[in-house]
Amino acid sequence: MPYQSGREAFMQGVRALIPLSPGVVPFGLLTGVMAINMGMSPGTTMGMTLLFYSGSAQMVALQLLHTGVVPLAIVVTALVINLRFIMYSASLAPHLHHLPRRWTWPLSYMLSDQSYALCSLKLSSGELGQFAHHYYAGTASAMWLSWQLSVLAGIYLGASIPETWSLSFAIPLSFLALLVPGIRSAASLAAASVGGLIAVLAINMPYNLGLITASIGGVIAGLLIEGVRKRPLSDVLTLTSRGRHHE
Amino acid sequence: MSDLALWGMFLAAGLGTFAMRLSFVELYGRLRIPSVLSRALLYVPASVLAALVLPAVVYPNGQGEFVLNNPQIPAAIIAVWVAWQTRNTVLTLAVGMGGLWLFKFFGV
């Protein structure tokens, strides 16, 4: 539904994010707890959290720091994990690019899996009206705040969360809760199945390249199934060979 | 690692991530998206999310070793069913975590 004011759209965005926060908060707590357990100071941990603003990249960086990997390899791994943001950026660009930089820079900095998942379909359908970017800003700010606060809380919880709670399982669960309702066609089911399967098989690829390989494989599977269901096979084959030239 | 190297690493990863998030928003119109790519974007969330979830469920230790006695697998299957039926994030998390604790407790 179109909103009457920017403020209303923003608040609706904030409200839309709240159901996702139980998946975010444990992950943030865990990140804070892990950093402190590794001997990082609270200031350094928050500096890292503000600069990265990316949970999975931060977790991986912490693990690699722990095993003594050189800084350059850590940077490369974190950026490879975050490659998906280029695709998110391309998908949101048609709806955000017309805004001035005082909007686009903060909104881009706050781009996350969660706010992307909440907004991408609603933005492209146009159902949000002229205050769509306020709605996106609401989801993004709420996500940013809950992430920073939960890492901060994790820092002060320190090591007091017992290992036996297996809180880290909340991370894949929160991704599942986003993934499953988004599967609406055979093509997206194929994308998810192939992506997940390759990621499992390619787990030992260096520098976490398995995640990227799996993502690209899943996307190609989705495109193939979409093509097969919409047009004759000969067209699909020319389409994919054309697709390869773009890569 | 020295403090300087640590902060340099944070800054490089942070700026690089920001550049990727901003890329197409900033250069819209100058960076052309091929039509195949824009259709491919539709499948990015499903593919990436599944690629994050499945290894995390199948390999509980974070390394590539398959563990037979893994309570995360039945817990995740139940969570998928709940997510499918209810589309409710909180319920999916609650049932998934509850399932994990139960399966752990009974040693499945």
Side-chain angles (χ1 to χ4, degrees), chain A residues 19-20 22-23 47-48 51-52 54 57 61 71 74-75 78-79 82-87 89-93 96-97 104-105 108-109 111 117 166 169-183 187-188 191-192 195-196 199-200 203-204 211 214-215 218-219 222-223 243 246, chain B residues 1 5-14 16-18 20-26 28-29 33-34 36-59 62-64 72 75-76 79-80 83-84 87-90 92-93 96-97 100-101 104:
Chain A
L20 298 186
M48 185 189 196
L51 284 168
F52 272 60
S54 166
I74 300 180
V75 170
L79 293 182
N82 285 344
L83 271 181
R84 67 188 187 284
F85 288 128
I86 294 179
M87 309 200 229
S89 180
S91 147
L92 295 185
L96 299 177
H97 76 99
T104 56
W105 284 42
S108 298
Y109 162 65
L111 179 56
S166 314
F169 189 55
I171 301 161
L173 281 179
S174 67
F175 287 137
L176 268 183
L178 288 172
L179 167 69
V180 173
I183 294 179
S188 55
V200 167
I203 186 77
N204 286 324
L211 179 65
S215 308
V219 167
L223 283 175
H246 285 295
Chain B
M1 193 181 293
L6 199 63
W7 282 96
M9 188 268 277
F10 293 169
L11 205 65
T17 302
F18 175 66
M20 291 194 286
R21 284 170 159 145
L22 187 65
S23 56
F24 276 89
V25 174
E26 182 73 20
Y28 188 76
I33 312 173
V36 178
L37 185 61
S38 70
R39 287 193 303 113
L41 289 174
L42 285 176
Y43 301 108
V44 171
S47 181
V48 174
L49 287 174
L52 287 168
V53 168
L54 240 69
V57 171
V58 174
Y59 307 118
Q63 286 114 32
Q72 291 193 26
V80 166
W84 181 261
R87 303 182 168 231
N88 182 324
T89 309
V90 179
T92 304
L93 274 158
M97 287 309 292
L100 181 71
W101 292 331
K104 273 198 158 168

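We name chains A, B, ... by the order of the sequence lines, and we start the count at 1 in each one.
Listed by chain and residue number, nothing satisfies the ring-ring contact (aromatic ring centres under 6.0 Å, His included) test with B:Y43 (two or more places apart in sequence, or in another chain). In this structure A:S108 satisfies the side chain to side chain donor-acceptor pair (under 3.5 Å) test with no other residue, sequence neighbours excluded.
Of all the listed residues (A:T104, A:L96, A:L79), the one sharing the greatest number of non-hydrogen pairs under 4.5 Å with chain B is A:L79. No other option in A:A61, A:A117, A:G218, A:S215 has as many heavy-atom pairs under 4.5 Å with chain B as A:S215. Most heavy-atom pairs under 4.5 Å with chain B: of the set A:A199, A:S54, A:A214, this distinction falls to A:A199. Contact count against chain A (heavy-atom pairs under 4.5 Å) is highest for B:A51 among B:A51, B:A83, B:A79. Looking only at heavy-atom pairs under 4.5 Å with chain A, the residue among B:A76, B:A56, B:S47 that has the most is B:S47. Of all the listed residues (B:L11, B:L6, B:L52), the one sharing the greatest number of non-hydrogen pairs under 4.5 Å with chain A is B:L52. Among B:A75, B:A40, B:A12, B:G29, the residue with the largest count of heavy-atom pairs under 4.5 Å with chain A is B:A40.
In this structure, the portions of B:V80 lying under 4.5 Å from any heavy atom of chain A include both its backbone and its side chain. For a residue to count as touching a neighbouring chain, one of its non-hydrogen atoms must lie under 4.5 Å from one of that chain's; by this rule B:L100 touches chain A with the side chain only. For A:A187, the parts lying near chain B are the backbone and the side chain together; criterion is any non-hydrogen pair under 4.5 Å. With a 4.5 angstrom heavy-atom cutoff, A:I74 touches chain B only via side-chain atoms. Within the 4.5 angstrom heavy-atom criterion, only side-chain atoms of A:A78, from C-beta onward, approach chain B.
Atom-to-atom distance recorded for B:W84:CH2 and A:I183:CD1 is 7.0 Å, nearest 0.5 angstrom. Here the OG1 atom belonging to B:T92 is positioned 8.0 Å from the CG atom belonging to A:L173, to the nearest 0.5 angstrom. To the nearest 0.5 Å, atoms CD1 (A:I86) and CG (B:L22) are separated by 11.5 Å.
The heavy-atom pair separating A:S89 from B:M20 by the smallest distance is CB-O, 3.6 Å. The heavy-atom pair separating B:R21 from A:F52 by the smallest distance is NH1-O, 3.4 Å. When every heavy atom of A:P71 is checked against every heavy atom of B:A5, the shortest pair comes out as CG-CB, 4.4 Å. Scanning both residues, B:F18 and A:W105, for their nearest heavy atoms gives CE1-O, 3.4 Å.
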side-chain contact (heavy atoms from CB on, under 4.5 Å) assessment of A:L51 paired with B:W7: CA-CA 10 Å; A:L51 284 168; B:W7 282 96; 4.3 Å; yes
Step-by-step side-chain contact (heavy atoms from CB on, under 4.5 Å) determination, B:V57 to A:F169: CA-CA 8 Å; B:V57 171; A:F169 189 55; 4.2 Å; yes
Audit row: B:F24, A:L92, side-chain contact (heavy atoms from CB on, under 4.5 Å) steps and yes/no: CA-CA 8 Å; B:F24 276 89; A:L92 295 185; over 6 Å; no
